[in-house]
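Note sheet for the following structure.
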Amino acid sequence: MPNIQAVYRYVGWLAGSSFFSEHLKHMFHPKHIAAVLIAMCLASTGDAASRLEPPGAAEKVTIQLRGRAYLFRGFIGLITDRGMDKLTERINRIGVTANVNSYLMWRGLADQAISDYRRDPEPITIIGHSLGGDAAVKFAERLDAAGIPVSLLVTYDPTRFAHSVPPNVERYVNLYQSSNILGGGGDVVQGRGFHGHYASFDLKDRRGMFHTNMEKFGDIHDQLVSKIAALAATPASVGGEAIPLRIDIPANATIELWDSGLPVSAHAGDTLPTLAATYHVPLWALTQVNNLSEDAALTKGARIIVPRYLVPMAAPSAVSSHAASNTR
């Protein structure tokens, strides 16, 4: 693994070079496994007790894995973006076709993805790191223009020039560090017409995590692979309003990649600690998402947002990125 400080010095040199500017200009212009048992508790770190387990999540669901995943490295991907290669290998191992490329290749690959989807519709996942994150959003935009849905879009620390999330994206996850100025820090927002599930996680307080290694963490890979594996059986819409989540992950908290928020009504006697226990979410997440203190008094009927995962249907009848509604 390259020396982190040396990498940052190298990136700093590149940022001021005409070579970098020309590539940025180029950037912005223009099989299956028959059956698999998926445990949706997403206990990737071994700390199952701290991870949200919605009703039915512990049940194993048999589905046929289908889908295509397109991953994009950042500007100096051949030097530092090996995490994208490992994630691609893991996705392929579960039976979903995945490939990884330079961010400069997004346009041609998007056209191929459009052709492939029209020939054989399968859930589409797009993942990118740094400038590859910007490319992933542009890839989704190109599919939107062709009327092609994107089941899952994930960006790792995209740049501050990244576009907003287009309306064809059903589920969006952003992992970024707001403290990153060079090469990252992109807090991507929902675009006009976007009504999907949105979750943005600021990892600025994570010790040992940098722009150049963010895409390498295995516990995050675990959760993303689980999401991709479940896409064939996870409905695009679920019961309850999809509330966007914007979360600052505390330094010592487990990284949990929820999909969106769910509004619930407080009952008489409810407190944030009792709701955290009821819905199996960390208390810090409830206080942060609702901008309330731990001992805040809740009135009956008060609207509280609870972070949630989307879970697969018990008996999927067909693969569809716009499946019928399913309740939690």
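Side chains are part of it too, since the values below use all heavy atoms of this structure and drop only hydrogens, waters and symmetry mates. Just so you know, these numbers come straight off a predicted model, no measurement behind them.
Of the charged side-chain nitrogens involved, none lies within less than 4.0 Å of a carboxylate oxygen, so that D202 and R246 do not count as a salt-bridged pair. One finds no salt bridge joining K138 and D144 here, because no Lys/Arg side-chain nitrogen approaches an Asp/Glu carboxylate oxygen to under 4.0 Å. Look at R90 and D85 and you find no salt bridge, because none of the NZ, NE, NH1 or NH2 atoms lies under 4.0 Å from a carboxylate O. With respect to K300 and D270, no salt bridge is recorded, no charged nitrogen being found less than 4.0 Å from a carboxylate O.
In the hydrophobic clustering of this structure, Y309 groups with I255; members are Ile, Leu, Val, Met, Phe, Trp, Tyr whose side-chain heavy atoms approach within less than 4.5 Å, directly or through other members. Hydrophobic clustering (ILVMFWY, side-chain heavy atoms < 4.5 Å, transitive): V189 and L203 are in distinct clusters.
When each of P263, S260, P244 is tested with I305 by the rule side chain to side chain contact (heavy atoms under 4.5 Å, CB included), just one qualifies, namely P263. Each of I228, I127, D259, I126 was evaluated against L152; a single residue qualifies, I228, per the side chain to side chain contact (heavy atoms under 4.5 Å, CB included) test.
Expressed to the nearest 0.5 Å, how far CZ of F139 lies from CG of L71 amounts to 10.0 Å. With rounding to the nearest 0.5 angstrom, the OG1 atom of T234 is 7.0 Å from the CG atom of L310. The distance from atom CZ of R206 to atom CG of L175, rounded to the nearest 0.5 Å, is 11.0 Å. Interatomic distance, R303 CZ to N290 CG, rounded to the nearest 0.5 Å: 9.5 Å. Between the CG atom of N168 and the CG atom of L153 there is a distance of 9.0 Å, given to the nearest 0.5 Å. Taking OH from Y156 and CD1 from I220, the interatomic distance works out to 5.0 Å, rounded to the nearest 0.5 Å.
The aromatic rings of F75 and Y103 lie tilted to each other, with the angle between the two planes from 30° to 60°.
Using a 4.5 Å cut-off on side-chain heavy atoms (C-beta onward), L275 and T271 make no contact.
At a cut-off of 3.5 Å, with distance as the only test, a side-chain donor of D157 or H211 sits close to an acceptor on the other residue. For the 3.5 Å distance criterion, the side chains of Q223 and D219 fail to qualify, holding no donor opposite an acceptor.
The ring-ring contact (aromatic ring centres under 6.0 Å, His included) contacts involving residues 167-189 comprise Y172-Y198, where partners must be two or more places apart or lie in separate chains.
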### Message
Walk me through whether D248 and K204 qualify under salt bridge (charged side-chain N to carboxylate O under 4.0 Å, His left out).
### Response
CA-CA 8 Å; D248 292 345; K204 67 181 185 304; 3.5 Å; yes
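The main-chain N or O of G83 is found under 3.5 Å from a side-chain atom of E215 such that the two form a donor-acceptor pair.
Within a 6.0 Å sphere centred on CZ of R119, heavy atoms belonging to other residues, nucleotides or ligands number more than 12.
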